[in-house]
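Keep in mind that this is a model prediction, so the values were computed, not measured.
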Amino acid sequence: YIVAATQAVDGYGDHALVGGTVALLQPSTSVDVKQYGAKGDGVADDTAAIQAALTYSNVYFPEGTYLTGALTRSEGVRLIGSGIGRTALLFSSTDGITITSASHDFPVYIANMSFHQSGAGTGTAIIINNTAQISGGVIQNRTSPRLKIENVAIRGKTAVTTDGWLNGITCTDVMHAVIDGVHFEGYFASTPDNPTSEQAIRFDGAGSPVEITISNTWVFFADNALRAVDCEGIFVTHCNFVAVGAGIRWDPAGLEPQLQVTDNHINAYEACIVGDNVVDGNISNNLFFARNDAVANVVGLQFSNTSFTKISGNIFVNNSGFDFNGIVIVSGGGNVVIKDNIFRVATTAIWLQAGASGVIVGINTYGTVTSEITNAGTGNIISGKSLAIIGERTSQDGLQEKWGSSVVALNAGGDGALTYAAGFSNAFFTAVICNGDIAIEATSNFIVNQGASSTTQLALSVRPNPGAISVRVNWIAKGN
């Protein structure tokens with residue numbers, strides 16, 4: 001309950017001990033919404049009462065369900081409830097609360113309450129817009145805190161197939177933000193793989209918003225759990241994004257640094273992470289799953305125009321009946337390091353597409369996979385690859401090794417050649433070959449014809465001459 005500000009307070013300055021009970025203080029800038037006539041019974045329209053209370057900078061919502069229309073506030077504010085499941089703001093087909101602020105001196109703090117929506121896939125629960133804080137194209141005072149949302153639930157009034165929000169939290173030009181302990185349940189009309197809810201959390205802006213932390217947060221049934229557009233310094237940790245189209249979608253117009261994703265669980269229908277224009281990224285120690293009820297192919301991580309990024313210590317598992325490609329580098333890749341990951345079940349574990357270059361693939365662990373590494377790019381370094389029947393790898397100093405067991409048709413002189421699936425980029429150095437055919441005498445010599453070998457073929461001779469027959473040759477060739 002509310003007590004006077006003149007009573008003794010604890011060390012935090014916002015509570016008092018009254019008869020052994022901790023009570024919330026009411027300084028001159030604080031108010032209980034019920035003081036302005038809010039009922040909190042889920043029946044009476046409390047919009048006017050709450051809007052009147054929002055003229056104060058500290059607003060307390062006692063336990064109850066507050067039926068309300070869209071709310072607004074023109075500067076930072078503290079909204080505090082009695083806890084998830086105890087304090088709920090119930091909206092009907094409108095946005096929730098929109099807070100715009102021109103001043104960096106008054107951050108937004110929202111805690112210990114639920115935002116419920118009785119409409120079907122409509123409205124955004126929390127809208128924060130700090131565009132007015134931009135001057136000269138940049139958000140001003142880049143050291144002040146701006147936003148913290150913690151212990152907040154955002155969901156429909158009844159069930160995920162009946163009602164729910166279109167979007168959860170949308171922040172424009174907001175920096176130094178913390179989202180912690182948020183629980184979002186979206187809305188889908190028919191099947192969970194096709195949710196109406198678009199984004200649980202979205203950050204965007206033109207003023208270089210930075211240093212955004214999302215932690216200990218749950219998202220269910222949204223097209224994107226987190227979408228970041230033209231932001232830098234986003235840190236995602238200890239979150240669970242389940243039954244989502246994409247866990248994280250990072251799609252700025254130009255290069256943006258510092259996408260840090262660590263110690264999360266993402267279970268997706270389309271992709272766990274899609275990243276464009278990432279630089280200085282760290283994707284480590286996460287669990288990436290393809291949904292068991294996926295209806296199409298799924299990708300774990302897909303990056304385009306990405307550089308100076310580490311992907312390590314992650315576990316990839318395909319629970320779907322469709323293809324699941326673990327890591328796909330579409331383009332870029334300069335100084336992208338992929339190592340120490342576990343691909344328990346996957347189609348192609350690591351796929352370096354034609355536009356990928358400068359990717360370094362180290363030692364990874366491959367379980368039930370169709371293809372460990374597909375390298376269609378240029379200048380990629382593949383090391384630590386297990387020796388398959390036919391394969392290749394590139395060391396960190398640029399030495400390329402190719403190996404295989406091939407059937408070669410000899411001519412009448414006992415000479416022949418095998419063609420590499422992909423030739424050496426610059427030069428052929430040397431090769432080692434041996435007899436791989438039990439039909440040939442064990443004493444036969446398989447000899448590399450160095451002069452006739454090239455970047456595209458390995459020439460050889462068999463002596464004594466067996467004539468024009470086909471033989472199996474085991475071989476290792478080196479070049480660059």
Quiz item: What pair of heavy atoms forms the shortest contact from F324 to F288, and how long is it?
Solution: CZ-O, 4.2 Å

Quiz item: Got a salt bridge between D173 and R146, using NZ or NE/NH1/NH2 to carboxylate O under 4.0 Å?
Solution: no

Self-check item: Qualifying residue for side-chain contact (heavy atoms from CB on, under 4.5 Å) with S215, from V236, D263, T237
Solution: T237

Quiz item: Got a sec, which residues hit salt bridge (Lys or Arg N to Asp or Glu O under 4.0 Å) with K402, two or more places apart in sequence or on another chain?
Solution: E392

Practice problem: Please test L147 against M175 for side-chain contact (heavy atoms from CB on, under 4.5 Å), starting from the C-alpha separation and ending with a verdict. | Solution: CA-CA 8 Å; L147 171 68; M175 60 184 291; over 6 Å; no

Practice problem: Could you grab the distance from atom CD1 of I338 to atom CZ of F303, nearest 0.5 Å is fine? | Solution: 9.0 Å

Practice problem: May I have the step-by-step check of side-chain contact (heavy atoms from CB on, under 4.5 Å) for N449 and L460, ending in yes or no? | Solution: CA-CA 5 Å; N449 188 335; L460 58 98; 5.7 Å; no

Practice problem: Would you mind checking if D193 and R291 are paired as a salt bridge, meaning a charged N to carboxylate O distance below 4.0 Å? | Solution: no

Exercise. Check whether any side-chain heavy atom of R155 lies under 4.5 Å from a side-chain heavy atom of W165, and answer yes or no.
Key: no

Practice problem: Tell me, please, which residues at least two apart from D280 pass side-chain contact (heavy atoms from CB on, under 4.5 Å). | Solution: P257, F308

Self-check item: N474-S405 side chain donor-acceptor pair, cut-off 3.5 Å
Solution: yes

Practice problem: For D415 and S461, test the side chains for any donor-to-acceptor distance below 3.5 angstrom and give the result as yes or no. | Solution: yes

Practice problem: Sequence neighbours left out, what passes salt bridge (Lys or Arg N to Asp or Glu O under 4.0 Å) with D230? Give chain and number order. | Solution: none

Quiz prompt | Min side-chain heavy-atom separation I126-I99 under 4.5 Å | solution = no

Quiz item: How about T100 and N130: do any of their side-chain heavy atoms sit closer than 4.5 Å?
Solution: no

Exercise. Return yes if a side-chain donor-acceptor contact under 3.5 Å exists between H176 and E211, otherwise no.
Key: yes

Quiz item: What distance do L287 atom CG and F316 atom CZ have between them, rounded to the nearest 0.5 Å?
Solution: 10.0 Å

Practice problem: Taking all heavy atoms of S304 and all of V330, pick out the closest pair and write down the distance. | Solution: OG-CB, 3.4 Å

Quiz item: For residues N224 and R249, is any side-chain donor paired with an opposing acceptor at under 3.5 Å?
Solution: yes

Quiz item: Roughly how far, to the nearest 0.5 Å, is CH2 of W218 from CD1 of I154?
Solution: 13.5 Å

Quiz item: In Å and rounded to the nearest 0.5 Å, what is the CD1 to CD1 distance from I248 to I266?
Solution: 4.5 Å

Practice problem: State which residues pass salt bridge (Lys or Arg N to Asp or Glu O under 4.0 Å) with D163; sequence neighbours excluded, sorted by chain then number. | Solution: none

Quiz prompt | Qualifying ring-ring contact (aromatic ring centres under 6.0 Å, His included) pairs with a residue from residues 240-272, counting only residues at least two apart or across chains | solution = H265-F289

Self-check item: Pairs involving residues 461-480, ordered by first then second residue, that meet ring-ring contact (aromatic ring centres under 6.0 Å, His included) (sequence neighbours left out)
Solution: Y420-W475

Quiz prompt | Where A477 and F428 come nearest, the two heavy atoms and their spacing | solution = CB-CE1, 4.2 Å

Quiz item: Nearest heavy-atom pair of I179 and T217: which atoms, and what distance?
Solution: O-OG1, 3.9 Å

Quiz item: Under 3.5 Å, is there a donor-acceptor pair linking the side chains of S144 and N141?
Solution: yes

Practice problem: May I ask you to check whether T172 and D204 show a side-chain donor-acceptor distance below 3.5 Å? | Solution: yes

Practice problem: Test R227 against D251 for salt bridge (Lys or Arg N to Asp or Glu O under 4.0 Å), laying out the working first. | Solution: CA-CA 8 Å; R227 186 170 185 184; D251 53 358; 2.7 Å; yes

Quiz item: Which heavy atom in F184 sits nearest to a heavy atom in A222, and how many Å separate them?
Solution: CE2-CB, 4.0 Å

Practice problem: Using distance alone, with no hydrogens and no angle criterion, decide if Y187 and Q117 have a side-chain donor and acceptor under 3.5 Å apart. | Solution: no

Practice problem: Can you see which heavy atom on S197 is nearest to which on G186, and at what distance? | Solution: OG-CA, 3.3 Å

Quiz item: Any chance the side chains of T309 and T306 put a donor and an acceptor closer than 3.5 Å?
Solution: no

Quiz prompt | I350 side chain reached by N364 side chain, heavy atoms, under 4.5 Å | solution = yes

